[in-house]
Undergrad: 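One structure is given below, represented as structure tokens, and several questions about it will come after.
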Amino acid sequence: MNSMLIVMKFGGTSVGSAERIMQAGQLAVDTAAKGHQVVVVTSAMSKVTDVLIGAARLASTGQWDPALRQELFERHKAVADAIVGNDAARHEAVLDVLRQRLDRFEKLCYGLSMVHELTPRLLDAISGTGEMLSAPLVAAAIASLGRASQAVDATEVIVATGQYGGAEPLMDETRAKAAALLRPMIALGEIPVVTGFIAATTDGVLTTLGRGGSDYSASIVGAALDADEVWIWTDVDGVMTANPSEVPGARTLSEISYSEASELAYYGAKVLHYKTILPAFRQRIPVRILNSFNPGHPGTRVTVEGHPSAQGVKAVTSIRGVILVAISGTGMQGIPGIVAKTFDVVAAQQANVLMISQASSENNICFVLSAAEAPRVVAALRTALELELMRGHIEEITAEQQVAIVAAVGDRMRGAPGIAATVFSALGAAGVNVIAISQGSSERNISLVVTEHDAADAVRAIHGAFQLDQTS
Ligand code: ADP
Ligand code: ASP
Ligand code: MG
């Protein structure tokens with residue numbers, strides 16, 4: 001095999017304990033021993049980000065519990081004890097870093113408990129601490145296995161916009177920083193361990209890329225370094241035909257296309273953050289999804305062609321906890337501009353529409369938003385469409401909670417007849433009521449709105465109808 005530059009990302013469970021961190025380190029070192037250059041991107045240890053966010057929310061109500069800091073310290077110290085406990089100097093150096101980072105965390109929470117105002121910027125500053133704690137441990141594990149390694153804060157590498165909680169990389173700036181900081185380390189044969197999830201604005205303020213964003217960090221770093229491959233190490237054998245915790249017969253897909261991967265991730269396959277694919281796709285960098293608990297498994301390869309599949313549908317996904325907004329009224333027919341006005345409001349609220357469906361009778365437009373965004377969009381719609389409501393052109397604007405989107409995805413659904421019929425007869429047979437339907441014009445996806453209660457049955461019914469549990 002030719003020597004490659006590989007960016008490897010380890011998710012929370014893959015660095016969830018001392019044993020897992022040693023295993024992650026071993027995977028990086030083994031790959032480097034084969035003659036490859038390796039850059040690691042790490043998540044926080046499993047659940048740590050949730051704890052940090054919980055601490056921030058608690059502090060914003062005026063309470064600060066010092067025991068939280070201690071718990072976080074103990075959990076990370078236990079890892080340091082296990083991996084470098086026999087090397088006093090290295091052990092003390094790692095503990096020092098942990099203490100500094102927890103000091104910063106504690107000060108932020110303490111300040112917050114005084115001012116009671118949790119801004120998105122402050123939430124990022126606090127929630128990004130987890131990766132700053134795990135990266136030094138992963139680097140220490142790699143060093144203990146005999147490869148030089150350094151933890152690197154992504155605030156020194158990824159330059160991003162100031163949209164706190166969902167920052168976007170500025171690739172030219174990121175490229176320059178990655179070249180200046182990471183290239184010299186790689187050239188020396190070292191393995192840099194970059195914190196996932198976090199970035200910094202052009203002014204140096206910490207931002208995050210959004211929950212689950214370490215996958216995105218890996219593809220950003222991969223693109224910035226012109227890497228040959230990006231490997232996402234997680235806790236399942238790759239991207240599967242459905243969420244394996246929901247569908248016991250789900251199978252690993254050996255190869256999928258960039259578009260299938262983005263579509264699956266966008267419609268709820270948590271195994272990949274939905275933005276991960278774009279930076280890799282632009283440069284045609286292959287992405288692999290691998291299981292750190294089962295490293296011998298070949299996992300999933302994301303490539304340009306994907307893998308031709310006879311059946312058309314490759315996988316079924318779901319997103320829970322979304323809100324269906326419906327605007328309806330018999331008087332909407334023939335009144336121009338209601339649709340345009342509606343989506344102007346949505347755009348002005350910077351809300352992300354997950355799915356749109358309009359009945360051909362024009363009596364109803366409905367679309368799906370995240371639970372976080374729906375309330376402000378609905379309020380803005382009621383104001384913007386006040387006149388139409390008053391005149392009775394629109395009868396009502398409703399927001400239905402507790403719905404889910406279920407999507408069937410596959411590049412080769414296009415032109416394959418009978419797919420929709422199979423989906424609907426499977427749902428009918430399973431007694432699932434479909435609330436709304438949409439098929440993208442790309443024909444890569446059929447998505448449906450069902451109640452949250454029906455979501456798992458719907459996923460299983462579609463999975464079964466296309467026999468996705470059997471190898472094609
Ligand atoms: P990590 O911590 O490694 O980033 P995540 O928990 O974010 O891991 O993502 C992996 C999880 O995604 C799996 O454990 C699985 O429960 C879930 N998942 C949902 N849909 C799929 C799918 N289609 N294929 C594989 N895993 C999926
Ligand atoms: N630690 C972050 C989170 O839990 C990012 C990630 O793990 O991808 O959301
Ligand atoms: Mg993840």
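From a predicted model like this one, the values you see are computed outputs, not experimental measurements. Every number for a ligand or one of its atoms is a count from 1 in the order of the listing.
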Undergrad: Is the shortest N/O to N/O distance between Gly12 and ligand 2 below 3.5 Å?
TA: no
Undergrad: Strictly under 4.0 Å, does any heavy atom of Gly11 approach an atom of ligand 2?
TA: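 Gly11 does not count as a contact of ligand 2 under the 4.0 Å cut-off.
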Undergrad: Looking at ligand 2, does Gly212 have a heavy atom less than 4.0 Å from it?
TA: yes
Undergrad: Can you produce the list of protein nitrogen or oxygen atoms under 3.5 Å from a nitrogen or oxygen of ligand 1, alongside each distance?
TA:
unit_1, atom_1, unit_2, atom_2, d
ligand 1, 2 (O), Gly12, N, 3.1
ligand 1, 3 (O), Thr234, OG1, 2.7
ligand 1, 4 (O), Lys9, NZ, 3.0
ligand 1, 6 (O), Lys270, NZ, 2.9
ligand 1, 8 (O), Thr234, OG1, 3.2
ligand 1, 12 (O), Val271, N, 3.4
ligand 1, 14 (O), Asp235, OD1, 2.8
ligand 1, 16 (O), Asn243, OD1, 3.2
ligand 1, 23 (N), Met240, O, 3.1
ligand 1, 24 (N), Met240, N, 2.9

Undergrad: Angle class for the Tyr266/Tyr274 ring planes (parallel below 30°, perpendicular above 60°, tilted otherwise)?
TA: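 If you compare the ring of Tyr266 with that of Tyr274, the planes turn out perpendicular.
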Undergrad: Any idea which protein heavy atom is nearest atom 6 (C) of ligand 2, and the distance to it?
TA: Ser214 OG, 3.3 Å
Undergrad: Within the 4.5 Å heavy-atom criterion, are Val205 and Tyr164 side-chain neighbours or not?
TA: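 Answer yes - side chains close enough.
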Undergrad: Using the salt bridge (Lys or Arg N to Asp or Glu O under 4.0 Å) rule, collect all pairs that involve residues 120-129, keeping only residues at least two apart or in two chains.
TA: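 Qualifying pairs, neighbours excluded: none.
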Undergrad: Counting each atom of ligand 2 from 1 as listed, which ones have a heavy atom of Thr49 under 4.0 Å away?
TA: 1 (N), 2 (C), 3 (C), 4 (O)
Undergrad: Could Asp81 and Lys77 be called an ion pair, given the rule that one side-chain N must be under 4.0 Å from one carboxylate O?
TA: yes
Undergrad: What I'd like to find out is whether the side chain of Val48 reaches to under 4.5 Å of the side chain of Arg75, using heavy atoms alone.
TA: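 Contact flag for Val48/Arg75 side chains = yes.
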Undergrad: Tell me, which pairs form a salt bridge (Lys or Arg N to Asp or Glu O under 4.0 Å) where one or both residues lie in residues 131-141, sequence neighbours left out?
TA: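 Output for this query is empty, none listed.
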Undergrad: Got a second to check how far Ile446's CD1 is from Ile437's CD1, nearest 0.5 Å?
TA: 9.0 Å
Undergrad: Please list, chain by chain and in numerical order, all residues satisfying ring-ring contact (aromatic ring centres under 6.0 Å, His included) with His273, sequence neighbours excluded.
TA: Tyr216
Undergrad: How close does the nearest protein non-hydrogen atom get to atom 4 (O) of ligand 2, and which residue and atom is it?
TA: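 Nearest neighbour among protein heavy atoms for atom 4 (O) of ligand 2, to 0.1 Å: Arg211 NH2, 3.0 Å.
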Undergrad: Test of understanding: given a 4.0 Å heavy-atom threshold, classify the contact between Glu131 and ligand 2 as side chain, backbone, both, or neither.
TA: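 Contact part for Glu131 vs ligand 2: side chain (C-beta onward).
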Undergrad: Check whether any side-chain heavy atom of Lys275 lies under 4.5 Å from a side-chain heavy atom of Ser219, and answer yes or no.
TA: no
Undergrad: What protein heavy atom sits nearest atom 7 (O) of ligand 2, and how far off is it?
TA: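 Nearest protein contact, heavy atoms only, for atom 7 (O) of ligand 2 is Ser43 OG, 3.0 Å.
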Undergrad: Can we say Asp172 and Arg175 salt-bridge, meaning some charged N sits less than 4.0 Å from an Asp/Glu carboxylate O?
TA: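 So Asp172 does not pair with Arg175 through a salt bridge.
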